[in-house]
Structure formats: structure tokens, C-alpha cells
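Just so you know, ligand 1 is whichever comes first in the structure, and atom 1 is the first atom listed for that ligand. Bear in mind the structure is a predicted one, so any value in this text is a computation, not a measurement.
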Amino acid sequence: MNIEKMDEFFTKRVKIYDEYMLNVDGCRQSYKKMASLIPPHTKNLLDLGCGTGLELDEIFKVYPDINVTGIDLTQAMLNEPKKKYPNKNLDLICDNYFNIDLGKRIFGVTISFETLHHFKHQQKLTIYKKIYESLISTGAYYRVRLFCYKSIRRKF
Ligand SMILES: C[S@@+](CC[C@H](N)C(=O)[O-])C[C@H]1O[C@@H](n2cnc3c(N)ncnc32)[C@H](O)[C@@H]1O
């Protein structure tokens with residue numbers, strides 16, 4: 001899916017998005033798990049493809065004062081955490097995370113939840129390099145991919 005199609009796809013679905021995701025088997029638990037993986041004392045967290053902020057809902061429950069930078073190319077999705085969290089340390093950037101400079105040695109944790117699977121291996125390598133450079137020396141990156149379907153064909 002190209003970037004314009006992606007924007008269109010999520011813009012059309014934004015109203016039903018949260019309810020849909022929270023009813024997918026294992027999804028709610030995965031948001032909680034993601035929050036539990038964040039080390040205490042993490043100051044700055046980067047969320048790539050943060051969408052409506054479902055993972056942030058859980059993270060803010062555990063770390064209400066954490067500084068979050070959320071990047072998402074779909075403005076309609078980003079409007080949701082903006083409305084939900086006017087008083088949080090939340091910097092929302094509407095852009096393509098492949099194009100944006102993520103900076104150097106800034107984030108204690110970077111996360112991406114259900115967002116990178118659309119892209120090719122080579123593109124993932126590019127973003128992984130940028131993520132690595134943007135992390136502090138003790139930093140960590142967590143990626144969640146919920147639905148992994150593999151099709152195996154057997155030839156007789
Ligand atoms: C399935 S949603 C996941 C949203 C959120 N992480 C969650 O788990 O609810 C995928 C999100 O990634 C965003 N996205 C996909 N590719 C992107 C890119 N290259 N740059 C920025 N955002 C991107 C989409 O706009 C969409 O909001």
C-alpha cells in the first residue's frame with residue numbers, strides 16, 4: 001500500500017478503529033504488555049505509527065509523566081490522541097516516519113505497534129538504523145506485529 005492509500009485507508013476507518021482493534025483477540029493484552037516492557041525512569045519515548053494512541057492509553061496509565069513523541073502520517077488518526085491527552089507531554093508529528101529525522105541519542109524507548117508490516121525488508125532496515133541512532137545507549141526498541149499469517153504450499 002502506498003502512503004496516500006494508507007492515509008485514505010485509515011482516515012475512512014478512524015471512527016471504528018479503536019473498537020475494532022480492542023476486540024481483536026490478544027490486542028488489548030498486547031497494549032498492556034507493551035506498557036509493561038517500558039523500563040521505569042524512561043524519560044523520552046518515541047511511538048512510530050501511533051495512530052489513535054491505543055498503546056499510549058496503557059503507557060500513560062503506568063507512566064503518566066513520560067514524554068512521548070508520536071509520529072503518524074494520517075492526520076485523522078493523530079487527532080484522537082490530541083483530543084484525548086491535552087495535558088500530557090505529548091508531541092504529535094504528522095509525517096512519514098521514513099522521511100523524518102528521528103534525531104540522535106534522544107529516546108529511552110521506541111515502539112511501533114502494527115505499523116511496519118506494510119513495508120519491504122530494505123525499508124525496514126533503513127528505519128531500524130534510524131531508530132538505533134535515535135536511542136540513548138541503554139535504549140530499547142519494541143515492535144509488535146499481531147497477525148502473522150504464513151501460507152505454506154505443499155507440492156506432491
Ligand atoms: C494499524 S494502525 C496502528 C496504530 C497504533 N499503533 C495502534 O496499534 O493502534 C497503523 C498506523 O501506522 C500509520 N503509518 C503507516 N505507515 C506509516 C509511515 N510510513 N509513517 C507514519 N505513519 C505510518 C498509519 O497511518 C496508521 O495510523
Let me check something: do F98 and I100 share a hydrophobic cluster, defined by ILVMFWY side-chain heavy atoms less than 4.5 Å apart, either directly or through other members? yes
D57 with K84: basic N within carboxylate O range, under 4.0 Å: yes
Going by an N to O cut-off under 4.0 Å, is there a salt bridge joining E8 and K5? no
In terms of hydrophobic clustering (I, L, V, M, F, W, Y; side-chain heavy atoms under 4.5 Å; direct or indirect links), are I136 and Y128 co-clustered? no
Candidate pair D72 and C94, rule side chain to side chain contact (heavy atoms under 4.5 Å, CB included), full reasoning: CA-CA 5 Å; D72 203 290; C94 188; over 6 Å; no
Considering only heavy atoms, which protein residues lie less than 4.0 Å from any atom of ligand 1? I3, M6, F10, Y17, Y31, G49, C50, G51, L54, E55, D72, L73, T74, M77, D95, N96, Y97, F98, F113, E114, T115, F119
Test item: side-chain donor near acceptor, Y141 and S112, under 3.5 Å: yes
